[in-house]
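Notes follow the structure.
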Amino acid sequence: MISSSDILKASILIVDDQAANVMLLEQMLRGAGYINLTTTRDPHWVAELHRKNRFDLILLDLQMPDMDGFQVMERLKELETGGYLPVLVLTAQPDKKLLALKAGAKDFVSKPFDLAEVLLRVHNMLEVRLLHLETKKLYDQVVAEQKRSFELTAQPGAMVGVGKGVRVSTPWFQSLKLRLRWLQVNMLTSFLAAAVVGLFQGTIDRLLVLTIFMPVLYDQSGNAGSQALAITLRGMILGDLKPGKERAQILKEALLGLLNGALVGMVAGLGMYAIATFKHLPSAPMLGVVVFLAMIGSCVISGISGAIVPLILKRCGADPVTASSIFLTTATSVASMGLFLGLARLLVN
């Protein structure tokens, strides 16, 4: 909403070659409470003044030597590309009023000036102008928000090779080419996680109960990493993650990983203890501790990875939206399986 205070603070330019008219208009407006007034008697300066100050209203005399008000308005049209001229013409010639309106002026004031008429027309013009600017600002915000929303909705697809240009109508062969290459990359990185599990095959054979909690640990750490990745990517796209703030973001995600891992790990550790006890395993308490510690460590590593992977990819010139999830999946798989099985080998006899 436009308030009376907003109107009185609006910027106004008074243009008239007669010093007496300029002084009279300035006194009228200041007496009514307007505080942001600029004056000139040289019409050649109007366009330059408006380019620098973008006045909310220009009181423009039509009859001036060397350059009349019509010529001034033509200059102003070059600046106001939106087509709206905030011009209130001043004229003593009734036949010029219609011509001025056709030329782009929004209203007129007759000479000699009448105080009530001047103040009423100025107030109405400023109210319309400020409403116009506010509406345009809101429209631009809506358009920008729609664009940001589209970018955010494109993230999940882009992270698995389905970019924002891929739609339902995209030919199957083109979709195959876009998706297959990332599936191949993902398969290669999965081999690394499989290799880690293979290193501890003896531990798995000895403690088959571990296999019950391997998917639980992998899913929880993966979710923690995905949350950190989503927030970091959103911050990069929307501009919330300012340069120099990357370290703070990484530390924040590490802390969240620690806290979430401890809370979730406590439940998972109790679950492991209950199952191991039910199976009459003498190492049930230590197995619970292993799950608890592995959950904390994997969530911390996943949180850090979710924050740092897109930052590294961006610094290397790669698209963080497209490639982050693949590297994050590898990091969480290796971290969760490696910690879990490694702790079990060290702590459980």
Side-chain angles (χ1 to χ4, degrees), residues 156 159-160 182-232 250-309 324-349:
M159 288 191 289
V160 289
W182 290 109
L183 290 174
Q184 296 283 16
V185 172
N186 190 57
M187 183 178 66
L188 293 175
T189 57
S190 298
F191 286 158
L192 179 60
V196 172
V197 175
L199 291 175
F200 298 96
Q201 189 60 52
T203 304
I204 296 174
D205 293 339
R206 182 167 56 89
L207 298 167
L208 286 176
V209 70
L210 296 176
T211 59
I212 298 175
F213 278 83
M214 288 173 64
V216 175
L217 196 67
Y218 172 77
D219 287 343
Q220 289 300 325
S221 61
N223 286 335
S226 296
Q227 290 173 345
L229 176 62
I231 294 300
T232 304
I250 294 170
L251 292 175
K252 175 185 174 183
E253 294 301 336
L255 175 62
L256 288 172
L258 174 65
L259 297 176
N260 286 325
L263 295 173
V264 174
M266 191 178 301
V267 177
L270 290 173
M272 171 60 91
Y273 173 76
I275 292 174
T277 301
F278 178 77
K279 291 181 176 292
H280 306 291
L281 296 176
S283 57
M286 190 55 68
L287 285 170
V289 172
V290 167
V291 171
F292 175 69
L293 294 177
M295 186 69 77
I296 293 176
S298 59
C299 284
V300 170
I301 294 173
S302 297
I304 293 174
S305 299
I308 204 170
V309 164
S324 291
S325 65
I326 293 176
F327 294 105
L328 176 63
T329 300
T330 303
T332 55
S333 299
V334 172
S336 59
M337 295 301 99
L339 277 172
F340 185 40
L341 298 175
L343 287 171
R345 173 183 286 182
L346 289 174
L347 301 178
V348 182
N349 296 323

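The two residues Ser336 and Leu217 have their closest heavy-atom pair at O-CD2, 3.3 Å. The minimum heavy-atom distance between Leu210 and Ala344, with the atom names listed, is CD1-CB, 3.8 Å. For Thr332 against Ser302, the heavy-atom pair with the smallest separation is CG2-OG, 3.0 Å. Across all non-hydrogen atoms, the minimal contact from Ala228 to Gly303 is CB-O, 3.5 Å.
Rounded to the nearest 0.5 Å, atoms CE (Met214) and OG (Ser333) are 10.0 Å apart. Taking CG of Asn260 as the reference point, atom CD of Gln227 lies at 7.0 Å (rounded to 0.5 Å).
Gln220 pairs by the side chain to side chain donor-acceptor pair (under 3.5 Å) definition with nothing, not counting sequence neighbours. Ile275 meets the side-chain contact (heavy atoms from CB on, under 4.5 Å) test with Val209, Ile212, Phe213, Lys279; sequence neighbours excluded. Legend: residues meeting side-chain contact (heavy atoms from CB on, under 4.5 Å) with Ile250, ordered by chain and number and at least two apart, are Ile304, Ala307, Ile308, Leu311.
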Identify all side-chain donor-acceptor contacts of residues 281-298 below 3.5 Å with residues at least two apart in sequence or on another chain.
unit_1 : atom_1 : unit_2 : atom_2 : d
Ser298 : OG     : Ala294 : O      : 2.8
Ser298 : OG     : Met295 : O      : 3.2

